[in-house]
Structures are given as C-alpha cells and as structure tokens.
Q: 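Pasting a structure here, questions to come.
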Amino acid sequence: MKITGDQALVKKINKSLVLDNIRQYAPLSRTQVSQSTGLNKATVSNLVQELIDDQLVLESGQGQSSGGRKPLILLFNKNAGYAAGVEITVNELILILTNLEGEIIAKSTASLVSHQVSDVIAQLQAEVNILLQHLPDSIHGIVGMGVGVPGMVDEQGNVLFAPNLGWEGVALREQLEHLFQIPVIVDNEANAGALGELQFGAGRQAQHLVYVSVGTGIGSGIIIEGELYKGSRGYAGETGHMSVESYGLPCSCGSQGCWELYASELAYDHAIKEPIPGSTTADWVRRAEFDEPEARDLFQKIGEYLGIGITNLVNGFNPELVIIGGHMRQAEPWIDPYLQEVVSRRTLPYHRQKLMIQYSELGDQSTVIGTAYMAVSQFLGRVKVSI
C-alpha cells in the first residue's frame with residue numbers, strides 16, 4: 001500500500017518535527033535542529049521563521065561558534081498560550097490551567113452536585129469561567145480543553161458508557177465545543193492519567209507502562225513504545241471490568257465478578273460486615289493510621305485483589321512499569337505489601353524481570369495534567385504517520 005501526501009502535509013509534518021525538537025531539547029541553534037531532525041538547513045530556517053512569526057519559538061542570545069558568526073539560540077515559548085484540563089469524577093470536578101509546557105497556572109476542585117449531563121455541563125461552565133479569570137495575557141490565549149471521563153469514549157469525543165456516572169451516549173465534545181467555542185478533546189480518564197505520568201510523572205523514562213487508576217472504579221491507560229494504546233475502536237483499558245471472580249458480585253456494566261468491585265472504592269460497600277455509607281479512602285486511611293483491625297483487613301483484601309488484576313495485566317502486556325494512581329494510592333502503606341506479594345507469586349517469571357510497580361508522582365492530578373497535555377498537543381499540531 002502506497003502512502004502519499006501533498007506538499008502541505010509534508011510541510012506540516014516537518015514543522016511539527018522542528019517544533020517538537022525545540023520543545024524537548026532547547027536551547028538549540030538552527031544547525032543543531034537540522035542535524036537532529038535530518039532536515040536540510042534551508043527547510044529548517046524557513047520553518048523556524050514561521051514558528052517565530054507564530055510566537056511559538058523565540059530567539060535568545062548567541063550560542064557557541066565552531067568558526068564564523070555565532071548562531072542565534074532558539075527557545076520554545078511556553079507562555080504563548082494556555083490549556084484547560086478537566087477531570088469529571090463521580091464526586092468532583094477537578095480543573096487546572098496550564099501553559100504549553102504543562103506548568104500549572106491555576107487549579108480548582110468542586111463537589112459534583114448532580115450526575116445529570118445538563119447539570120454537570122452547567123457546573124463545568126461556571127467553574128471554567130472562574131478558572132479563566134486567572135488566564136494570563138498571551139498571543140494565542142486559551143488554545144483548547146481536555147476532559148477526562150470515567151467511562152468509554154469514542155474518537156469523536158462521545159461518552160458511550162460511563163456506568164458510575166449513569167451516562168450513555170453523551171455527545172460531550174460536541175456540547176462543550178459549542179459552549180466554549182474552543183477545541184475540546186474528551187477521553188477516558190485513565191488514558192489521560194497515563195499520558196500525564198508518561199510526560200511529567202513516574203513514567204518519564206518508560207516506553208512500556210500501564211497506568212491503573214483506582215478510585216470509585218478502575219480503568220487503565222496502556223502505553224506501548226511511548227504511545228497510548230487505544231485498541232481497534234478506541235476502547236482499550238476497561239480493565240475494571242475484567243472478571244476476577246467467575247460467579248462473583250453483579251456489576252453495573254451487566255457482568256459479574258468485575259475487578260473494580262473487589263479492588264476499588266466500590267469494595268467499601270461489601271467487603272466489610274457493616275458498610276459505612278459515603279466512606280472514602282481518606283476515611284479508611286485515617287482508621288488504618290490508628291491501627292484499626294477492620295481497616296487493615298480491608299486494605300489487605302483490596303491489595304490482594306489489586307495484585308490479581310495487575311498480574312493479569314503484566315502477563316498480558318509485559319510492561320516495564322505499572323503505575324497506580326487515583327484515590328487508592330493514598331493507601332499505599334497498607335495495600336502495597338499484599339499487592340507486591342501476589343504479583344511476585346503469580347506473574348510469569350520472565351514477565352516480572354525488571355518489572356517495577358510504583359505509585360503516581362502527580363497524585364490526584366495525573367488525569368487533569370494529561371488532559372491539558374492532550375489539548376496542547378492538538379494545538380501544536382503534532383503529526384505522526386504510520387506505514
């Protein structure tokens with residue numbers, strides 16, 4: 001099969017390549033950009049000038065000369081624009097505003113007052129408008145918004161199924177773009193969390209990782225060769241609905257024995273004799289800190305079930321790194337020994353060689369940082385061609 005492209009596409013690819021190179025490795029000279037990208041000096045010079053005209057690249061001072069005139073140094077203008085990152089959880093709206101380098105300018109968290117789509121969108125609009133009061137002056141202003149949702153999302157930004165929100169068939173991207181009049185990307189919250197950790201957190205040095213988001217449910221973001229793996233139709237990573245008990249508890253997805261029923265905050269409702277309505281991971285962590293037996297036993301069960309599910313992911317994908325994020329990471333001291341023991345005992349020996357299991361470096365912000373990164377990447381026009 002022949003892969004062809006007109007001159008405009010080739011130029012867009014090359015321009016993206018040059019900008020990405022400057023973003024990652026600046027300060028650089030034009031000659032260094034030419035050497036690292038393989039593009040000739042004339043092409044690099046023309047593309048760099050366009051990027052300077054767009055104020056995405058700045059010239060700053062002079063670099064070292066290898067003979068002749070000293071070259072001008074190129075820098076990425078990280079404050080040329082800003083992006084909004086949003087995470088919709090079962091209980092909260094989490095929002096941040098970042099520059100083009102992912103540095104957080106402002107952030108806010110609000111309790112979710114309702115799961116009705118119209119109510120969520122209205123509340124999101126109000127929270128975004130408050131956040132944008134902190135928007136600094138810039139040439140490009142707000143360049144886009146990324147939104148992470150706990151459910152299945154297609155390539156058009158439609159939320160197909162989010163059982164813990166009670167959503168099905170919600171055209172979220174379309175509604176938000178109409179409302180805010182800016183580009184919007186909607187994706188599964190675990191996918192966004194995986195990108196956040198890959199770019200700015202515990203996964204910076206990894207090429208093959210699985211990010212497991214453990215909160216009200218469980219979802220996974222899978223990175224293969226440095227790229228987010230989404231499956232044939234974009235739905236990969238719904239690992240919370242992997243069966244770990246053949247005839248287990250019924251799940252809201254319609255199946256039974258799903259992993260998230262035993263290893264997420266959903267376990268608080270049935271893993272103990274007398275459930276406490278509305279209890280959170282933070283509540284159980286406080287009880288564990290006081291060495292309460294019920295809390296220790298609960299986290300032991302959750303840790304063991306997390307280990308079972310992670311074993312399946314390790315045997316299936318052979319990652320070098322598993323990152324645990326979401327609210328459950330707060331319980332690391334109590335779940336980790338049991339999780340590690342199960343993974344060590346159950347994974348195939350070759351799969352666990354050099355395997356590392358870590359907890360999110362970005363805390364509760366993995367997803368919002370990842371969604372903001374998605375919006376920035378879309379704005380900067382990162383183009384990849386696969387053959």
Side-chain angles (χ1 to χ4, degrees), residues 78 81-110 112 120-121 123-125 127-128 130-132 134-135 142-159 162 165 167 170-177 179-180 182-203 211-213 215 217 219-223 227-230 234 236-237 323 325-327 360-380 382:
K78 63 183 181 181
Y82 298 85
V86 177
E87 180 181 6
I88 301 173
T89 76
V90 173
N91 300 311
E92 294 177 321
L93 285 177
I94 305 170
L95 302 91
I96 60 170
L97 189 66
T98 76
N99 64 14
L100 301 182
E101 280 282 19
E103 297 170 347
I104 297 176
I105 307 302
K107 58 184 177 182
S108 69
T109 301
L112 203 60
V120 172
I121 291 176
Q123 187 178 358
L124 178 58
Q125 181 182 20
E127 294 295 332
V128 168
I130 293 171
L131 194 72
L132 292 182
H134 301 281
L135 181 68
I142 186 79
V143 302
M145 176 190 297
V147 181
V149 179
M152 294 174 58
V153 181
D154 69 13
E155 294 180 350
Q156 287 71 47
N158 300 310
V159 181
L165 288 175
W167 289 8
V170 177
L172 189 59
R173 175 184 172 184
E174 180 182 343
Q175 293 184 56
L176 294 180
E177 286 190 334
L179 182 63
F180 292 107
I182 57 174
V184 175
I185 293 180
V186 179
D187 207 337
N188 172 268
E189 55 88 21
N191 285 341
L195 285 177
E197 290 292 333
L198 177 71
Q199 296 297 325
F200 306 107
Y211 171 78
V212 183
S213 176
S220 297
I222 302 161
I223 302 292
E227 297 292 330
L228 184 64
Y229 174 74
K230 301 188 75 171
I323 302 172
H327 292 159
S360 165
E361 282 188 12
L362 302 178
D364 289 338
Q365 296 180 334
S366 302
T367 291
V368 285
I369 290 174
T371 57
Y373 172 78
M374 289 177 174
V376 169
S377 296
Q378 183 184 63
F379 167 69
L380 295 178
R382 194 174 185 183

Q: State whether the number of non-hydrogen atoms from other residues, nucleotides or ligands found under 6.0 Å of Phe180 atom CZ is greater than 12.
A: yes
Q: Do you know which two heavy atoms are closest between Ile142 and Ala84, and how far apart they sit?
A: CD1-N, 3.8 Å
Q: Show the nearest heavy-atom pair for residues Ala192 and Thr371, with the distance to one decimal.
A: CB-CG2, 3.5 Å
Q: Please identify each residue that fulfils salt bridge (charged side-chain N to carboxylate O under 4.0 Å, His left out) with Glu92, with sequence neighbours left out.
A: none
Q: Taking all atoms of both residues into account, what is the closest heavy-atom pair of Val90 and Leu112, and its distance?
A: O-CD2, 3.7 Å
Q: Are Leu165 and Val159 packed together at the side-chain level, in the sense that at least one heavy-atom pair is separated by less than 4.5 angstrom?
A: no
Q: Restricting to non-hydrogen atoms, name the atom on Ala83 and the atom on Ala372 that form the minimum distance, rounded to 0.1 Å.
A: CB-O, 3.8 Å
Q: Does Ser213 reach the main-chain N or O of Gly326 with its side chain, forming a donor-acceptor pair under 3.5 Å?
A: no
Q: Please check: side-chain N/O of Glu177 versus main-chain N/O of Val184, any donor-acceptor pairing under 3.5 Å?
A: yes
Q: Keeping the roles fixed (side chain from Asn188, backbone from Gly151), state whether a donor-acceptor pair exists under 3.5 Å.
A: yes
Q: For Tyr373 and Leu198, what are the C-alpha separation, side-chain angles and deciding distance, and is it a side-chain contact (heavy atoms from CB on, under 4.5 Å)?
A: CA-CA 11 Å; Tyr373 172 78; Leu198 177 71; over 6 Å; no
Q: Return yes when atom NZ of Lys230 has more than 12 non-hydrogen atoms of other residues, nucleotides or ligands closer than 6.0 Å, and no otherwise.
A: yes
Q: How many angstroms lie between CG in Asn99 and CD1 in Ile104, if you round to the nearest 0.5 Å?
A: 10.0 Å
Q: Using 0.5 Å steps for rounding, measure from the CE atom of Met145 to the CG atom of Leu176.
A: 6.5 Å
Q: Report, as yes or no, whether the 6.0 Å neighbourhood of atom CD on Glu174 holds more than 12 heavy atoms from other residues, nucleotides or ligands.
A: no
Q: With a 4.5 Å heavy-atom cut-off, do Thr109 and Leu93 have their side chains touching?
A: no
Q: Quick one: pull up CG in Leu97 and OH in Tyr82 and give me the separation to the nearest 0.5 Å.
A: 8.0 Å
Q: Roughly how far, to the nearest 0.5 Å, is CD1 of Ile369 from CG of Leu195?
A: 12.0 Å
Q: Taking the side chain as everything from C-beta on, heavy atoms only, tell me whether Thr367 gets closer than 4.5 Å to Leu362.
A: no
Q: With a 4.5 Å cut-off on side-chain heavy atoms, are Val86 and Glu127 touching?
A: no
Q: Any heavy-atom pair between the side chains of Ile185 and Arg173 that's under 4.5 Å?
A: no
Q: Measure across Glu87 and Val368 and return the closest heavy-atom pair with its distance rounded to 0.1 Å.
A: N-CG1, 3.4 Å
Q: Mind checking the CE-CG spacing from Met374 to Asn191? Nearest 0.5 Å is all I need.
A: 6.0 Å
Q: Look up atom OG1 in Thr98 and atom CD1 in Ile105, then write down how far apart they are to the nearest 0.5 Å.
A: 7.5 Å
Q: Give the intermediate values and the outcome of side-chain contact (heavy atoms from CB on, under 4.5 Å) for residues Asn158 and Val153.
A: CA-CA 5 Å; Asn158 300 310; Val153 181; over 6 Å; no
Q: Are Glu197 and Tyr211 linked by a side-chain donor-acceptor pair shorter than 3.5 Å?
A: no
Q: Taking all non-hydrogen atoms of both residues into account, name the closest pair between Glu361 and Gly201 and its distance.
A: OE1-C, 3.5 Å
